[in-house]
Amino acid sequence: MTENGSIQASVLGLGAMGGALAEALVRAGHGTTVWNRTPGRAGALAAHGATEAASTRDAVRAGRLVIVCLLDHASVREVLDPLAPDLAGRALVNVTTTTPEQSRELAEWAAAAGATYLDGGILAVPHMIGKPGSSILYSGSGEVFREYRTVLDLWGTGTYFGEDAGLASLYDLALLASMYVMFAGFLHGAAMVAPSGMTARAFAGMAAPWLSAMTSGLEGFAAVVDGGDYTVAGQQSLEFSDLGDILAASAEQGVGTEVVDAVQQLIRRQIDAGHGKEGFARIIESLR
């Protein structure tokens with residue numbers, strides 16, 4: 001990092017997210033070298049001061065901070081494996097979506113190459129980068145997180161979870177699991193009401209405030225789960241939570257029941273085990 005706080009960074013991967021990350025660096029005045037497997041995506045960035053590298057090796061050699069935002073774990077290894085000798089002494093920040101074990105494997109690989117490794121899970125879509133609401137989870141090298149904190153915070157609020165490189169990925173994917181199941185539930189509901197003539201947009205107007213209000217119950221579920229007592233007073237019982245009517249109505253509307261079936265199976269598993277009077281949070285025991 002120079003006296004004025006600028007750095008020389010290299011960004012490998014200029015998809016929608018990688019491009020947004022690079023743009024934030026350029027906009028902040030950092031020397032930014034970019035590379036993309038498919039040429040031609042660096043035009044706008046180059047016009048604002050970025051340097052397009054002819055090869056991954058040229059990109060890596062251009063800066064001490066190397067940021068990787070590619071498709072998946074396999075593509076990261078495909079790109080980085082030939083560059084191991086060039087990564088020694090550099091800080092490698094990987095924000096590609098990977099599993100926790102893949103993140104740990106990459107950390108070990110980076111260490112063997114002489115690089116320090118920081119893993120990141122981005123809780124944002126590309127247009128949110130650098131704006132309020134963008135959040136990024138990090139784990140791995142605390143040294144890299146501390147040294148480049150002001151740079152990382154250009155993308156969103158950064159939270160560091162420790163030296164275990166797999167934790168950022170774990171927490172990121174757990175949050176995404178919650179999101180995708182919620183989205184699937186909304187789409188199931190939209191499919192249910194469609195035969196009545198209600199548009200998905202109209203249903204969204206009903207669903208958004210309802211779902212937002214229901215998130216207030218998450219802390220209550222968490223308290224019960226952490227306490228390990230599913231008989232705490234005030235909970236909705238598993239028997240009361242039976243989804244039979246939703247399944248029947250869905251079938252009547254000609255809608256597939258896969259989404260609701262999954263939850264019903266978790267509920268029935270606990271009821272059949274004799275826990276029907278206990279709270280809905282107990283379905284976590286069906287998942288463990």
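Index from 1, following the sequence. Small disclaimer: the values here were computed from a predicted structure and weren't measured.
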What residues, two or more places apart in sequence or in another chain, satisfy side-chain contact (heavy atoms from CB on, under 4.5 Å) together with [X]?
X    : result
A42  : L14, V34, E52
V193 : S196, M198, F203
L123 : S135, L137, D172, L175
R57  : S55, R61, L83, D86

Rounded to the nearest 0.5 Å, what separation is found between the [atom1] atom of [X] and the [atom2] atom of [Y]?
X    : Y    : atom1 : atom2 : result
R64  : S10  : CZ    : OG    : 12.0 Å
E285 : Y230 : CD    : OH    : 3.5 Å
T56  : L12  : OG1   : CG    : 7.0 Å
S134 : M128 : OG    : CE    : 5.5 Å
E147 : L152 : CD    : CG    : 10.0 Å
I271 : L266 : CD1   : CG    : 11.0 Å

For residues [X] and [Y], report the shortest heavy-atom separation together with the two atoms involved.
X    : Y    : value
A53  : T33  : CB-CG2, 3.8 Å
A110 : L92  : CB-CD2, 4.2 Å
P195 : A191 : CD-O, 3.3 Å
G166 : S103 : CA-CB, 4.1 Å
L45  : A22  : CD1-CB, 3.9 Å
G156 : I136 : N-CD1, 4.5 Å

Verify the distance criterion only: is there a donor paired with an acceptor across the side chains of [X] and [Y] at less than 3.5 Å?
X    : Y    : answer
S241 : Q236 : yes
D72  : S75  : yes
H188 : S250 : yes

Side chain to side chain donor-acceptor pair (under 3.5 Å) partners of R90, counting only residues at least two apart
none
Name all pairs fulfilling the salt bridge (charged side-chain N to carboxylate O under 4.0 Å, His left out) condition that reach into residues 18-36, sequence neighbours left out, sorted by first residue then second.
E23-R27
Within residues 196-205 or reaching into it, pairs that qualify as salt bridge (charged side-chain N to carboxylate O under 4.0 Å, His left out) - sequence neighbours excluded:
none
Compare all side-chain heavy atoms of I7 with those of V151 and state whether any distance is below 4.5 angstrom.
yes
Residues in ring pair (Phe, Tyr, Trp, His ring centres under 6.0 Å) with Y117, at least two apart?
none
Are the side chain of [X] and the backbone N or O of [Y] linked by a donor-acceptor pair below 3.5 Å?
X    : Y    : result
S139 : D164 : yes
Q264 : D261 : no
Q265 : A262 : no
T96  : L71  : no
S286 : R269 : no
W155 : I129 : no

Pairs meeting criterion ring-ring contact (aromatic ring centres under 6.0 Å, His included) with involvement of residues 120-142, two or more places apart
Y138-F145
Going by an N to O cut-off under 4.0 Å, is there a salt bridge joining R104 and D119?
no
Hey, can you pull the donor-acceptor pairs under 3.5 Å for the side chains in residues 277-284, sequence neighbours left out?
residue	atom	partner	partner atom	Å
K277	NZ	E239	OE1	3.0
E278	OE1	R282	NH1	2.9
E278	OE2	H275	ND1	2.9
R282	NE	Q270	OE1	2.7
R282	NH2	H275	NE2	3.2

When clusters are formed from ILVMFWY side-chain contacts under 4.5 Å, directly or step by step, what else is grouped with Y180?
L173, L176, M179, M182, F183, W210, L211, M214
Taking only residues two or more places apart in sequence, or in another chain, which ones meet R77 in a salt bridge (charged side-chain N to carboxylate O under 4.0 Å, His left out)?
D81, E105
